[in-house]
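Here the structure is laid out as C-alpha cells; the discussion comes afterwards.
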Amino acid sequence: MAAAPGGSAPPAGPGPRLAFSTADSGVGMSGLNPGPAVPMKDHDAIKLFVGQIPRGLDEQDLKPLFEEFGRIYELTVLKDRLTGLHKGCAFLTYCARDSALKAQSALHEQKTLPGMNRPIQVKPAASEGRGEDRKLFVGMLGKQQGEEDVRRLFQPFGHIEECTVLRSPDGTSKGCAFVKFGSQGEAQAAIQGLHGSRTMSGASSSLVVKLADTDRERALRRMQQMAGQLGAFHPTPLPLGACGAYTTAILQHQAALLAAAQGPGLGQVAAVAAQMQHVAAFSLVAAPLLPTAANTSPGGSGPGALPGLPAPMGVNGFGSLTPQTNGQPGSDTLYNNGLSPYPAQSPGVADPLQQAYAGIQHYAGPEGCNLFIYHLPQEFGDAELIQTFLPFGAVVSAKVFVDRATNQSKCFGFVSFDNPTSAQTAIQAMNGFQIGMKRLKVQLKRPKDANRPY
DNA sequence: TTGGATT
C-alpha cells in the first residue's frame, strides 16, 4: 500500500525489524511490543514520512524522539528491499491525527539529527496522497441529492475537506459528486463502507464510490471521448460476423419499404434505404483510418504524441478519405455525415470535427435531433446502433445503455443526429422495425426537463 | 423504458 518516496518500500509483513506494528504487537515476536493495549489508530490518522535519519538509528532509538507528541501506532524504518540496508528514512503513524500534526510542526526542518547535514523531514507520506488518493468519485446519486445529503452520507468516515455535486449548466445534478477526505484511510473506509451499499432513490443502480480519476486518467478519458466522437463520424467497422445478421435484416426491411413506398412521405425513406448498401463498403473504407492507438500515421505522429491533440491524426485521416468519397457515386448523403473534409452542415450547426477537436462533448444534438430507442436486441452495442442509424443522416452520437454491474445492455439507447429531419426520417424508417421477437421503438428523446412541473 | 456521470 505505502510505497517509499524512492519507489521501494520494505515488505510490510512481520519481520524482526518491524518494531511497533500493531499487527505484530500481539504476537510478541519482536519483543518490542509497546504496551499492554494494542494501539488503535484513528480513522483520520496520517502516515508521516520521516527523512534525514542517521543510518545508525533503528526504531527503538527513534521512538523516544517521536513519542513526546503522542502515542505511536506504527514506526517503520525503511530498508532496501534487497540489501536490507537502512535507507535513512521511516514511516511513522500516530494513533491520533493531531499527534502527527504536532510532530510535523515541531520537527519538520526544525532540528538536525547527529551526523546529518540536513534537517529532519517530517511530513505526510507520499502515499497519503496530496489529493487524488483521498478524493472520491461518487456515482449513482439521486438527482435531487445536494452537497448536504452527500456530506451526511460520508461524514461517518472522516473529515470531509470538499464536497461537490456535479451539475449541468442548468443546475440539475448529474447524479455524481466528488468528496475529498482528510486522509487516504478515510477515503478507503468510505469506499468500503458505502460502495454498492445502497441504492439512492431515483438512481438506476447501487451507489458507486471509488477513487476519482487522476489527472492522467482524466486526460485519457478525454482522449477516449474524442475517439468515440470521431468513431461516430467514422462508424466503427465491425468484424463481419458481429452485426451482419442485423445489417442484413435491416437491408431486407429497407427493401420492403422501397417496394411499398408510395406516399410522398416515404419517398425520402426509400431514397435513404437505397443507400443502405453503401454502409458496408463505407466501413471497409474507414477501417484503416480509425484513430486507434495502433494507427500510427505516416507523418510519424504516433500514440506517443497523444497529448498533442488529434490534429495530425485527424488531418491525415480525413485527408486520405477524400479520394474514397470521390470514388463513390451516389453516396453524397452518406458521406456528408461529417465525414467529408467539406461536410454539408445544417445551418447553425458547428462542424462536428471542430467540436471534437475542441474537446466539446455533445452527447445530444439540438432539440428534435435526439432519438430514444427501446427494445434493442440484447447484443446490440454502440457500433450496431451507429450502423443502423447512419443511413438517415449525420450521427453525432450513439449510445447503448449498459448495466455497469453486469455489463449487459439494458436494451435501450440514444442516437443523435445533427438535424431534426434526419431524426424524423429515422423514426419513420425504424420505429416498429422487427428484430427477432421485438419491435424497435424509435421516438424523440424526452427533453431533460420533461415531466418536471413548472 | 429516456444519457453510467470525472471538478
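Values in this document were obtained by computation on a predicted structure and should not be read as measured data. Reminder, nothing fancy here: chain letters follow the sequence lines and each chain counts from 1.
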[X], nearest nucleotide to its side chain (from [options]):
X	options	value
A/Arg446	B/dT6, B/dT2, B/dG3	B/dT2
A/His375	B/dT1, B/dA5, B/dG3	B/dT1
A/Phe178	B/dT6, B/dT1, B/dA5	B/dT6
A/Tyr374	B/dA5, B/dT2, B/dT1	B/dT1

For A/Asp403, check salt bridge (charged side-chain N to carboxylate O under 4.0 Å, His left out) against everything at least two apart and list the hits.
none
Checking A/Arg221 now: which residues fulfil salt bridge (charged side-chain N to carboxylate O under 4.0 Å, His left out) with it, not counting sequence neighbours?
A/Asp213
Which whole-number value in Å describes the distance from [X] [atom1] to [N] [atom2]?
X	N	atom1	atom2	result
A/Asp215	B/dT7	CG	C1'	11 Å
A/Lys410	B/dT2	NZ	P	9 Å
A/Asp213	B/dT6	CG	P	9 Å
A/Leu444	B/dG3	CG	P	15 Å
A/Arg222	B/dT6	CZ	P	10 Å
A/Arg134	B/dT7	CZ	P	18 Å
A/Leu207	B/dA5	CG	P	16 Å
A/Gln443	B/dT1	CD	C1'	9 Å

Between A/Gln428, A/His375, A/Met430, which is the residue that forms a side-chain contact (heavy atoms from CB on, under 4.5 Å) with A/Val442?
A/Met430
Summary of salt bridge (charged side-chain N to carboxylate O under 4.0 Å, His left out) pairs that have at least one residue in residues 150-169 of chain A, sequence neighbours excluded:
A/Arg134-A/Glu161, A/Glu147-A/Arg167, A/Asp149-A/Arg152, A/Glu162-A/Lys180
With a 3.5 Å cut-off and heavy atoms only, can you find an N or O donor on one side and an acceptor on the other between the side chain of [X] and the base of [N]?
X	N	answer
A/Arg218	B/dT6	no
A/Ser204	B/dG3	no
A/Lys135	B/dT7	yes

Quick check on B/dA5: is either OP1 or OP2 less than 4.0 Å from any side-chain nitrogen or oxygen of A/Arg404?
yes
Residue-level proximity of residues 150-166 of chain A to DNA chain B when a heavy atom falls under 4.0 Å:
A/Glu162, A/Leu166
Of all of residues 136-148 of chain A, which get a heavy atom below 4.0 angstrom from DNA chain B, listed by number?
A/Phe137, A/Gly139, A/Met140
For a quick check of understanding: with a heavy-atom distance under 4.0 Å over all strands, which category does A/Val402 fall into, base, sugar-phosphate or nothing?
nothing
Residue pairs passing the ring-ring contact (aromatic ring centres under 6.0 Å, His included) test with at least one member in residues 156-178 of chain A, sequence neighbours excluded, are A/Phe137-A/Phe178
Would you call the rings of A/Tyr94 and A/Phe69 parallel, tilted or perpendicular, where under 30° means parallel and over 60° means perpendicular?
perpendicular
Taken in chain and number order and not counting sequence neighbours, the residues that satisfy ring-ring contact (aromatic ring centres under 6.0 Å, His included) with A/Phe414 are A/Phe372
With sequence neighbours excluded, tell me which residues meet side-chain contact (heavy atoms from CB on, under 4.5 Å) with A/Gln408.
A/Gln378, A/Thr406
Set of side-chain contact (heavy atoms from CB on, under 4.5 Å) partners for A/Arg439, sequence neighbours left out
A/Gln434
Give, for atom CG of A/Leu440 and atom CG of A/Leu371, the distance between the pair rounded to the nearest 0.5 Å.
11.0 Å
